[in-house]
Amino acid sequence: MVSKILIIGACGQIGSELAYQLRAELGTENVIASDITESNMALVKSGPFETIDARSLGEIEACIQKHNVDTVYLMAALLSATGEKYPEKAWDLNMNSLLNVLNLAKDKIISKVFWPSSIAVFGPTSPKTNTPQRTIMEPSTVYGITKQVGERWCEYYFNNYGVDVRSIRYPGIISWKTLPGGGTTDYAIDIFHKAINEGHYDCFLTEDTALPMMFMEDAVKATLDIMNADADAVKIRSSYNLSAISFTPKQLASEIAKQIPDFTISYNPDFRQKIANSWPNSIDDADARQDWNWKHSYDLVAMTNEMLLQLGKQAVS
Ligand code: AKB
């Protein structure tokens, strides 16, 4: 039987691409996209769409019953930079949406859950380089706190209620279809748009701020790989470290300049620098590679080429 999927937060950067990919694989009618508003018209028009506030258990449950959903991808969240501006809103959305979905799985109304965690679970006291799966985690952002608590809830619901919840700690995700919103790693997407349209980028991080990153194709593949893995293979039920590339704004700018020689960059760090400073430079994801055969495809050069190609096409059309 084909799985019937609900994506909550489907208008966002990762949710929209998951919706397109899952629809291609399972059939458009089997993937229900939802969000609090119709903020991504291309996605809204591409198949079944429901307006849902992820904080409302009733709204989620009604949609699940209406469409006979068995699997939920919960992609709604306030990210790190926005979370620092609206801490209580971040806590409310990020925590209550997760507990709603976990409780629906506990009550057997759905059978499987994907929930994204983030490198934001780590903090200033975590090892910076090749940050291990299990280590000191003292996140200093509200977003990181919600992800850390969320991980503990996922593990708790698995251990105590047998909820089949799967999760990965996304690094910064780089993509060209849908803009990100409110993250600290967003610079690595803004830079491409500004390079193509204006030839200059004023970066809100310092030139030497190394952060873990990943191209969207790899992020979608990882998400579907862990969801399709045998339950026994998914040994970590909090969340898996996941890694692909790690680079600084300066390294990314010089890669872009290979194709746009007049491109210039300036550095004006703002409040997001402190967030970036608290996160790892690179991640050790040996468990994901071993347990469910995770492997990334895009390095810095391949990712930069694809971003410039796709955004260049958009600019001329
Ligand atoms: C953010 O920057 O807040 C996110 C993340 C790393 O989870 N992209």
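Counting convention: from 1, in listed order, for ligands and their atoms alike.
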_Does the structure place the NZ or CZ of Arg166 under 6.0 Å from the centre of the six-membered ring of Phe114, at an angle of no more than 45° from the ring's axis?_
no

*Under 4.0 Å from any heavy atom of Ser118, which atoms of ligand 1 are there?*
5 (C), 6 (C), 7 (O)

_If you take the nearest heavy atom of each of Ile173, Ile14, Thr184, Ile119, which one is closest to atom 2 (O) of ligand 1?_
Thr184

*Looking only at protein heavy atoms, which one is nearest to atom 4 (C) of ligand 1, and how far off is it?*
Thr185 OG1, 4.0 Å

*Look at the rings of Tyr156 and Trp153 and say which category their plane angle falls in: under 30° parallel, 30 to 60° tilted, over 60° perpendicular.*
perpendicular

_Pair Lys194 + Asp190: basic N to acidic O under 4.0 Å_ = no

*Taking only heavy atoms of Leu79, which atoms of ligand 1 are found under 4.0 Å from at least one of them?*
3 (O)

_Close N or O approach (Trp279, ligand 1; < 3.5 Å)_ = no

*Under 6.0 Å between the ring centres of Trp292 and Tyr240?*
yes

*If you count the atoms of ligand 1 from 1 in the order shown, which ones are under 4.0 Å from a heavy atom of Ser80?*
1 (C), 2 (O), 3 (O)

*Test side chain to side chain donor-acceptor pair (under 3.5 Å) on Ser80 and Thr141 and set out the steps.*
CA-CA 7 Å; Ser80 57; Thr141 62; over 6 Å; no

_If I apply the N/O under 3.5 Å rule, does Tyr143 come out as touching ligand 1?_
yes

*Just checking, any donor-acceptor pair under 3.5 angstrom between side chains of Glu151 and Ser117?*
yes

